[in-house]
Enquirer: 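Below you will find the structure I want to go over with you.
Count residues from 1 along the sequence.
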Amino acid sequence: MAAINAEGLYKVFGKRPKRGVAELERGKTREDLQKQGLTAAVIDASFTVDPGEIFVVMGLSGSGKSTLIRMINGLFEPTAGTVTIADQLITDVSPEKLRAVRREKISMVFQHFALLPHRTVGENAAYGLQIQGLNKADREKAANKALDEVGLGGWGGHLPGQLSGGMQQRVGLARALAAGTDIMLMDEAFSALDPLIRRGMQDQLIELQQRLEKTILFITHDLNEAMRLGDRIAMMRDGRIEQIGTAEQILNEPKNNYVASFIQDVDRTRVLTAANVMEPAQGVIGAGSGPQTAHKVMREGQHNWILVQNRDRTPAGILWEPDVAEAVRTGRKDLPWSPVHEMPTVAQDTSLADLFAVSAQHLNPIVVLDENGRTVGVIPRVTLLAAAANNGQGADMPESWGSPDSPLNDGESMADSATPDVPHVMEGAK
Ligand SMILES: Nc1ncnc2c1ncn2[C@@H]1O[C@H](COP(=O)(O)OP(=O)(O)O)[C@@H](O)[C@H]1O
Ligand SMILES: [Mg+2]
């Protein structure tokens, strides 16, 4: 069952708008209609949002995003086409039916959403629940729970004026959560926020969505925001949806020149993940092996490092050729770990940007793990650099990033580098 389905949606503003739809279907352009005093705000939009998905509609100002979302929530009647919400048709239905579906299924978060200044934060979050017929105690309970979920626990008794802009926007989110609907529609909900606060809100939305499994239709004019949030993205231009796909699909296979030029300066380091750039480890030995085996594998494969793996495919560490050669020469029996064997590990969904941060403070290749801690791939530094180089522009690597292929020549400056936000890095090996 689709959470939201839009089929052939048109919205034309002006006199006798259906005439405009007929002309568009006959091949007339938006500009042609403009000359007749008609605005074709949305043209033949079709898409499906799956339950639990974050679906982003992305487009420049004036491309028809707000008009589209208003047809989805029933505020605008489409000039043509149909909308279903959780398999219930909301176009061409009675006003009562429309109101019922809206109330039970959809909540909305706007860019500038008006908090009632003389009502408390809790009352603001509970706004709308009265219509649902909840009594005061239940309303308070739902509001407090929602405030907790957005990190505003304890603020329920304050007035909105005592909150920062970012916090006020979270009250809007809390209100939508308190309504308890499965579907949330968000129109430029974070666009007015400062970049850092905005980033925090994006993270929080992703986290909330994963925890509460809401279906979210999110509108933005910011491509990086779209790529960060969207499971899928619809790229809109002049009223039409040009392409629908995952961030990767849109980056790697833009459907036309418009989309291609749009994504030119997207920061790939925030879109691509460890899973996109990892490769199989070339040389692997078991943790029970000795220096002789390591040396043989390295010589035969011409590897300057190899991965040592436990029986259950969890990684034990990385060995480097000079240490192994030394161990063979001196007749050492155990594996010659060196300080270099400190092995960074990451989850598959770690962004390229975060991988740089990890790599900047480790000399070894990064080992990518599945949910059970088993090795699924490795990312040597040279691979990471190559992935960013494809970028053309926008890759923001730490300045202290050292030479990619030589682990031993630049240790100090790399070890000194500042690395914010490093995801769970597992130090050392068994
Ligand atoms: N109520 C309206 N009456 C007439 N034209 C409108 C109305 N709402 C939006 N438009 C026009 O429709 C087009 C799309 O607007 P909108 O959906 O607000 O775009 P976006 O949200 O992408 O900025 C614009 O040209 C806008 O001027
Ligand atoms: Mg808009």
Enquirer: Would you say the side-chain atoms of Thr220 pair up with the backbone N or O of Glu188, donor to acceptor, closer than 3.5 Å?
Expert: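 No, because the side chain of Thr220 does not come within donor-acceptor range (under 3.5 Å) of the backbone of Glu188.
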Enquirer: So that I can tick it off, tell me whether Lys136 and Glu140 are bridged by a salt bridge, with the cut-off set at under 4.0 angstrom between side-chain N and carboxylate O.
Expert: yes
Enquirer: Is the backbone of Ala40 close enough, under 3.5 Å, to the side chain of Arg30 for a donor and an acceptor to pair up by distance?
Expert: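 Looks like yes, one N/O pair under 3.5 Å.
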Enquirer: Calculate, to the nearest 0.5 Å, the distance between atoms OG1 and CD belonging to Thr29 and Glu31 respectively.
Expert: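 Going from OG1 on Thr29 over to CD on Glu31, the span is 4.5 Å.
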Enquirer: So how far is it from Asn5 CG to Phe47 CZ, rounded to the nearest 0.5 Å?
Expert: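 Rounded to the nearest 0.5 Å, the CG-CZ separation comes to 8.5 Å.
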Enquirer: What heavy-atom pair brings Leu307 and Val367 nearest, and what distance separates the two atoms?
Expert: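 Smallest heavy-atom distance, with atoms named: CD1-CG2, 4.0 Å.
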Enquirer: Please step through side chain to side chain contact (heavy atoms under 4.5 Å, CB included) for the pair Leu384 and Leu352, ending with a clear verdict.
Expert: CA-CA 8 Å; Leu384 194 52; Leu352 223 54; 3.7 Å; yes
Enquirer: Give a yes or no on whether the backbone of Glu225 and the side-chain of Asp222 come within a donor-acceptor separation of less than 3.5 Å.
Expert: yes
Enquirer: Considering all heavy atoms of both residues, which atom of Ala287 and which atom of Val308 are nearest to each other, and what is their separation?
Expert: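 Closest pair (atom of Ala287, atom of Val308, distance): CA-CG1, 3.5 Å.
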Enquirer: Nearest 0.5 Å, what's the CD-CH2 distance between Gln168 and Trp155?
Expert: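 Taking CD in Gln168 and CH2 in Trp155, the distance rounds to 11.0 Å.
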Enquirer: How long is the gap from CD on Gln169 to CG on Leu173, to the nearest 0.5 Å?
Expert: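 CG of Leu173 is found 8.0 Å from CD of Gln169.
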Enquirer: Run the side chain to side chain contact (heavy atoms under 4.5 Å, CB included) check on Ser61 and His221 step by step: do they pass?
Expert: CA-CA 7 Å; Ser61 176; His221 64 264; 5.8 Å; no
Enquirer: Report yes if some heavy atom in the side chain of Leu116 is under 4.5 Å from a heavy atom in the side chain of Glu123; otherwise report no.
Expert: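 Answer no - side chains too far apart.
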Enquirer: What I'd like to find out is whether the side chain of Arg170 reaches to under 4.5 Å of the side chain of Leu163, using heavy atoms alone.
Expert: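 No, too far: nothing below the 4.5 Å cut-off.
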Enquirer: With a 4.5 Å heavy-atom cut-off, do Tyr10 and Ile43 have their side chains touching?
Expert: yes
Enquirer: What's the verdict on side chain to side chain contact (heavy atoms under 4.5 Å, CB included) for Phe13 and Thr67, showing C-alpha distance, side-chain angles and the deciding distance?
Expert: CA-CA 10 Å; Phe13 293 108; Thr67 305; 4.0 Å; yes
Enquirer: Answer whether the closest heavy-atom distance between the side chains of Leu251 and Met227 falls below 4.5 Å.
Expert: yes
Enquirer: Please round to the nearest 0.5 Å and tell me the distance separating atom CZ of Phe218 and atom CG of Asp231.
Expert: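 Spacing of CZ (Phe218) from CG (Asp231) equals 13.0 Å.
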Enquirer: Give the minimum heavy-atom separation between Arg70 and Asn73, together with the two atoms involved.
Expert: O-OD1, 2.9 Å
Enquirer: Could you tell me whether the side chain of Asn256 reaches within less than 4.5 Å of the side chain of Gln243, counting heavy atoms only?
Expert: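 Side-chain contact under 4.5 Å: no.
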Enquirer: Work out which heavy atom in Val297 is nearest to a heavy atom in Gly283; give both atom names and the distance.
Expert: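 Heavy atoms only, the tightest pair is CG1-CA, 4.3 Å.
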Enquirer: Verify, without hydrogens or angle tests, whether Gln348 (side chain) and Val368 (backbone) share a donor-acceptor contact under 3.5 angstrom.
Expert: no
Enquirer: For Arg103, look at atom CZ and say whether over 12 heavy atoms of other residues, nucleotides or ligands are found less than 6.0 Å away.
Expert: yes
Enquirer: Can I get a per-line list of side-chain donor-acceptor pairs under 3.5 Å for residues 15-28, giving both atom names and the distance, sequence neighbours left out?
Expert:
residue : atom : partner : partner atom : Å
Lys18   : NZ   : Thr79   : O            : 2.8
Arg19   : NH1  : Gln36   : OE1          : 3.4
Arg19   : NH2  : Lys15   : O            : 3.0
Glu23   : OE1  : Gln36   : NE2          : 2.9

Enquirer: Verify, without hydrogens or angle tests, whether Arg175 (side chain) and Asn124 (backbone) share a donor-acceptor contact under 3.5 angstrom.
Expert: yes
Enquirer: With the side chain counted from C-beta on, respond yes when Met184 and Ser107 share a heavy-atom pair under 4.5 Å apart, and no when they do not.
Expert: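 A side-chain contact under 4.5 Å exists here.
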Enquirer: For Gly245 versus Ile250, what's the shortest heavy-atom pair and its separation?
Expert: O-CD1, 3.7 Å
Enquirer: Is the backbone of Gly8 close enough, under 3.5 Å, to the side chain of Ser46 for a donor and an acceptor to pair up by distance?
Expert: yes
Enquirer: Do any N or O atoms from the side chain of Asp312 and from the backbone of Thr314 form a donor-acceptor pair under 3.5 angstrom?
Expert: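 Yes: the side chain of Asp312 pairs with the backbone of Thr314.
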Enquirer: What are the two closest heavy atoms between Gly157 and Thr120, and how far apart are they?
Expert: O-CG2, 3.7 Å
Enquirer: Starting from the C-alpha separation in whole Å, work towards a yes-or-no answer on side chain to side chain contact (heavy atoms under 4.5 Å, CB included) for Leu129 and Asp138.
Expert: CA-CA 9 Å; Leu129 294 179; Asp138 285 345; over 6 Å; no
Enquirer: Only one of Leu68, Ile69, Leu185 forms a side-chain contact (heavy atoms from CB on, under 4.5 Å) with Ile219, so which one is it?
Expert: Ile69
Enquirer: Is there a side-chain contact between Val42 and Phe76 (heavy atoms, below 4.5 Å)?
Expert: no
Enquirer: Can we say Glu242 and Lys255 salt-bridge, meaning some charged N sits less than 4.0 Å from an Asp/Glu carboxylate O?
Expert: no
Enquirer: Could you tell me if the side chain of Leu217 sits less than 4.5 Å from the side chain of Val57, heavy atoms only?
Expert: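 Answer yes - side chains close enough.
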Enquirer: Can you give the donor-acceptor pairs under 3.5 Å from side chains of residues 81-94 to other protein atoms, not counting sequence neighbours?
Expert:
residue : atom : partner : partner atom : Å
Gln88   : OE1  : Lys97   : NZ           : 3.4
Thr91   : OG1  : Val83   : N            : 3.2
Ser94   : OG   : Lys97   : N            : 3.1

Enquirer: Would you say Asp370's side chain and Gly373's backbone share a donor-acceptor pair under 3.5 angstrom?
Expert: yes
Enquirer: Counting only N and O atoms by type, is there a donor-acceptor contact under 3.5 Å from the side chain of Asn372 to the main-chain atoms of Arg374?
Expert: no
Enquirer: Is it the case that the side chain of Ser359 and the backbone of Leu355 share a donor-acceptor pair, with hydrogens and angles ignored and the cut-off at 3.5 Å?
Expert: no
Enquirer: Quick check: are there more than 12 heavy atoms from other residues, nucleotides or ligands sitting under 6.0 Å from CG of Asp32?
Expert: yes
Enquirer: Please indicate whether Tyr127 has more than 12 foreign heavy atoms, meaning atoms of other residues, nucleotides or ligands, lying under 6.0 Å from its OH.
Expert: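 Counting other residues, nucleotides and ligands, OH of Tyr127 stays at 12 neighbours or fewer.
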Enquirer: Return the CD1 to CD1 distance between Ile244 and Ile233, rounded to the nearest 0.5 Å.
Expert: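 Result: 11.0 Å between the selected atoms.
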